[in-house]
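Below is one structure, written out as structure tokens; the observations come after it.
The shown structure was predicted, so the numbers you read here are calculated from the model rather than taken from an experiment.
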Amino acid sequence: MTKGALADAVATACEMKKKDVLKALASIAEIATAEVKKSAVFTLPGLCRIKTRKKPATKAGKREVFGKMCVVKAKPARTIVKAFPVAALKKEF
């Protein structure tokens, strides 16, 4: 479902203008981004929980992968963002 289709669906369900729904969606995205940066966790009630975690740096060297020795490049530390469905959504399926 595209952003426009979602805005249409919400606008018809709540009897609002599509323009107002698009503003609300944009503000939710803005608030979620700020909250995830600040506290590393954000929950959209009834939908999902967005979490971040630090993935440590990896050293360069040789590793055995599937029985073969491979040369692995060094990678810097990075932040991983993941979304998890809430329990109520999981129970629906």
N/O donor to acceptor pairs below 3.5 angstrom from side-chain atoms of residues 46-57, sequence neighbours left out:
none

Side chains of residues 8-36: which donor-acceptor pairs under 3.5 Å do they make with residues two or more places apart or in other chains?
from, atom 1, to, atom 2, distance (Å)
Thr12, OG1, Asp8, O, 3.1
Thr12, OG1, Ala9, O, 2.9
Ser27, OG, Lys23, O, 3.4
Ser27, OG, Ala24, O, 2.8
Thr33, OG1, Ala29, O, 2.8
Glu35, OE2, Ser39, OG, 3.2

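In the hydrophobic clustering of this structure, Val86 groups with Phe93; members are Ile, Leu, Val, Met, Phe, Trp, Tyr whose side-chain heavy atoms approach within less than 4.5 Å, directly or through other members.
When side chains are defined from C-beta on, Cys70 does not count as touching Arg63, because their heavy atoms never get closer than 4.5 Å.
Clustering of Ile, Leu, Val, Met, Phe, Trp and Tyr side chains at separations under 4.5 Å leaves Val72 isolated, with no partner residue.
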